[in-house]
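Atoms within each ligand, like the ligands themselves, are counted from 1 in listed order.
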Amino acid sequence: MEEDNRKYIGILTSGGDASGMNAAIRAVTRSAIYNGFGVKGIYRGYEGLIAGEVKELTTQDVSGIICRGGTILKTARSQEFTTPEGRRKAYETLQREHISALVVIGGDGSLAGARQLADEYDVVCIGLPGTIDNDLYGTDSTIGYDTALNTIVECVDKIRDTATSHDRIFFVEVMGRDAGFLAQNSAIASGAEAAIIPEDRTDADQLEQFISRGFRKSKNSSIVIVSESPKDGGAMHYAERVRREYPQYEVRVSILGHLQRGGSPSAYDRILASRLGVGAIEALMDGQRNVMIGIHNDEVVYVPFAQAIKDDKPLDKSLIRVLNELSI
Ligand code: ATP
């Protein structure tokens, strides 16, 4: 059998899935092939890298996927990869498959993993920010964030119809982990009355503030978007408090859950993923390593892993004022 001496670029998706990951896989694959590289898809994130679940990708393999949510490469969270032994197995797969550079599409955990691998072995890693949370420093938006935001707004519009019919306070819980981008911006876009977000955690109680502002006379429904937050307890926690402390209000909870992740990516996410995918191959050809490709002020930028992961991405505090002024 003829030995395969080509150098390949490996690509995997890791962590939570996000709409637009497929568009990114397509872009990396096509841009790599356009520039003369071979591409290998690694299935199920780092789990598949350890287990050797690898298949060469052609331009045809990625056709018809730009409009599809989820990820054709599947994704996973891998406990084994967090161990030195797991990463050694992952490196062995890369060597066996002649993969000299790895493109990782995922959130901060996935990029932390890529950084760790690159620190320990001579592997060139490039990251693409793929998470609905938008919590990666150095890029204005992450792949999947815009689609999730639009999905949330669509849901809240529907909840508003029922909330108005019954004079209720609705607490709507949205994803975001410890970042309030989805909550704050969906609150503005859906005309919600308030958002409870981790970044606005102060001594003053956010629920108290909202209730004390009172309901405008003309208002017959109230929607509060709550960022899921393991520390604060989420929408259920606030609904319980209202029931206890303000029994005069009828209160309901809606936890949007996984539907926020799915669906066809927005045009914005498709374009973002396409630009970042092409940017990843350009970065490799440029000799870059261990950087995340981002977009800042509409320009493609390279952000060192250490910075993308470590620094807290700041939420523009003026958004809090915008929501408060407009919800009187
Ligand atoms: P999302 O933001 O959607 O949750 P994520 O990439 O942050 O995505 P994680 O579950 O945090 O998701 O990370 C994905 C995988 O990356 C983990 O299951 C683990 O295998 C690997 N990983 C995370 N952190 C590290 C680390 N510090 N060292 C090595 N590997 C890591």
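- Between the side chains of Thr58 and Asp61, at least one donor-acceptor pair of N or O atoms lies under 3.5 Å.
- Using a 3.5 Å distance cut-off with no hydrogens or angles, the side chains of Ser266 and Asp146 do pair a donor with an acceptor.
- At a threshold of 4.0 Å, the pair Lys40-Glu56 does not count as salt-bridged, since none of the basic side-chain nitrogens sits closer than that to a carboxylate oxygen.
- Relative to the ring axis of Phe181, Lys313 places its NZ or CZ within 45° and under 6.0 Å from the centre.
- For NZ of Lys310, the number of neighbouring non-hydrogen atoms (other residues, nucleotides, ligands) closer than 6.0 Å is 12 at most.
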Do Arg88 and Glu92 pass the salt bridge (charged side-chain N to carboxylate O under 4.0 Å, His left out) test, and can you show the C-alpha distance, the side-chain angles, and the key distance before you say yes or no? CA-CA 6 Å; Arg88 187 183 58 73; Glu92 283 168 5; 2.3 Å; yes
Can you pull every nitrogen or oxygen pair between ligand 1 and the protein closer than 3.5 angstrom?
{"unit_1": "ligand 1", "atom_1": "2 (O)", "unit_2": "Thr131", "atom_2": "OG1", "d": "3.3"}
{"unit_1": "ligand 1", "atom_1": "3 (O)", "unit_2": "Gly16", "atom_2": "N", "d": "3.2"}
{"unit_1": "ligand 1", "atom_1": "4 (O)", "unit_2": "Arg77", "atom_2": "NH1", "d": "3.1"}
{"unit_1": "ligand 1", "atom_1": "4 (O)", "unit_2": "Arg177", "atom_2": "NH2", "d": "2.3"}
{"unit_1": "ligand 1", "atom_1": "6 (O)", "unit_2": "Gly107", "atom_2": "N", "d": "3.0"}
{"unit_1": "ligand 1", "atom_1": "6 (O)", "unit_2": "Gly107", "atom_2": "O", "d": "3.4"}
{"unit_1": "ligand 1", "atom_1": "6 (O)", "unit_2": "Ser110", "atom_2": "N", "d": "2.9"}
{"unit_1": "ligand 1", "atom_1": "6 (O)", "unit_2": "Ser110", "atom_2": "OG", "d": "2.5"}
{"unit_1": "ligand 1", "atom_1": "7 (O)", "unit_2": "Asp108", "atom_2": "N", "d": "3.4"}
{"unit_1": "ligand 1", "atom_1": "7 (O)", "unit_2": "Asp108", "atom_2": "OD1", "d": "2.9"}
{"unit_1": "ligand 1", "atom_1": "7 (O)", "unit_2": "Gly109", "atom_2": "N", "d": "2.9"}
{"unit_1": "ligand 1", "atom_1": "10 (O)", "unit_2": "Arg77", "atom_2": "NH1", "d": "2.7"}
{"unit_1": "ligand 1", "atom_1": "12 (O)", "unit_2": "Arg77", "atom_2": "NH1", "d": "3.0"}
{"unit_1": "ligand 1", "atom_1": "16 (O)", "unit_2": "Gly109", "atom_2": "O", "d": "3.4"}
{"unit_1": "ligand 1", "atom_1": "18 (O)", "unit_2": "Ser78", "atom_2": "N", "d": "2.7"}
{"unit_1": "ligand 1", "atom_1": "20 (O)", "unit_2": "Ser78", "atom_2": "N", "d": "3.4"}
{"unit_1": "ligand 1", "atom_1": "20 (O)", "unit_2": "Ser78", "atom_2": "O", "d": "2.6"}
{"unit_1": "ligand 1", "atom_1": "22 (N)", "unit_2": "Gly109", "atom_2": "O", "d": "3.3"}
{"unit_1": "ligand 1", "atom_1": "24 (N)", "unit_2": "Gly109", "atom_2": "O", "d": "3.3"}

